[in-house]
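Step one of this worksheet: look at the structure below.
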Amino acid sequence: MSDSSASYIHMVQHLIEKCLIFRMSKEECMEALSKHANIKPVITSTVWSELEKVNKEFFESYSQSQSSSGANRMSEAETSELIQKMISDNQSNNSDKDDE
């Protein structure tokens, strides 16, 4: 895998982790990253599935907590703003690394 592919997958993983922090489901995360970060849903789904394999206990617990707490969801505007900030932060971090 090339450095750019690994970097892209790492970015998707980072964005998924942010989605998890904000209590998004896999489907919500796929939709948000597709809409706001132009990441194909199949990519998000694949990376999410790999994370599930590596962190089985976490995702089992996360799934259970998702089904019991539907009230703490963000609005679409909040989601959009958050994802744009995450992408901007990620691009800034990558350009900082390129300068080294």
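All heavy atoms count here, side chains included; hydrogens, waters and symmetry mates do not. Given the structure is predicted, the values throughout are model-derived calculations rather than measurements.
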Excluding sequence neighbours, so at least two apart, what forms side-chain contact (heavy atoms from CB on, under 4.5 Å) with [X]?
X: Cys19; answer: Met24, Cys29, Leu33
X: Ser49; answer: Lys26, Ser45, Glu52
X: Gln13; answer: Glu17, Val47, Leu51

Under the side chain to side chain donor-acceptor pair (under 3.5 Å) test, which residues partner [X], sequence neighbours left out?
X: Thr46; value: none
X: Lys40; value: none
X: Lys56; value: none
X: Glu31; value: none

Give the cluster check for [X] versus [Y]: same hydrophobic cluster or not, with ILVMFWY residues linked at side-chain heavy-atom distances below 4.5 Å.
X: Ile9; Y: Met30; value: no
X: Ile16; Y: Val54; value: no
X: Ile21; Y: Met11; value: yes

message: I need the Gln66 CD to Leu20 CG distance, nearest 0.5 Å.
response: 8.5 Å
- prompt: To the nearest 0.5 Å, what is the distance between CG (Asn55) and CD (Glu50)?
  reply: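 Spacing of CG (Asn55) from CD (Glu50) equals 11.0 Å.
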- prompt: With sequence neighbours excluded, what pairs up with Tyr8 under the ring-ring contact (aromatic ring centres under 6.0 Å, His included) test?
  reply: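 Once residues adjacent in sequence are excluded, Tyr8 has no partner under the ring-ring contact (aromatic ring centres under 6.0 Å, His included) criterion.
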message: Restricting to non-hydrogen atoms, name the atom on Ile39 and the atom on Thr44 that form the minimum distance, rounded to 0.1 Å.
response: CG2-OG1, 3.5 Å
message: In terms of relative ring orientation, are Tyr62 and Phe58 parallel, tilted or perpendicular, with 30° and 60° separating the classes?
response: parallel
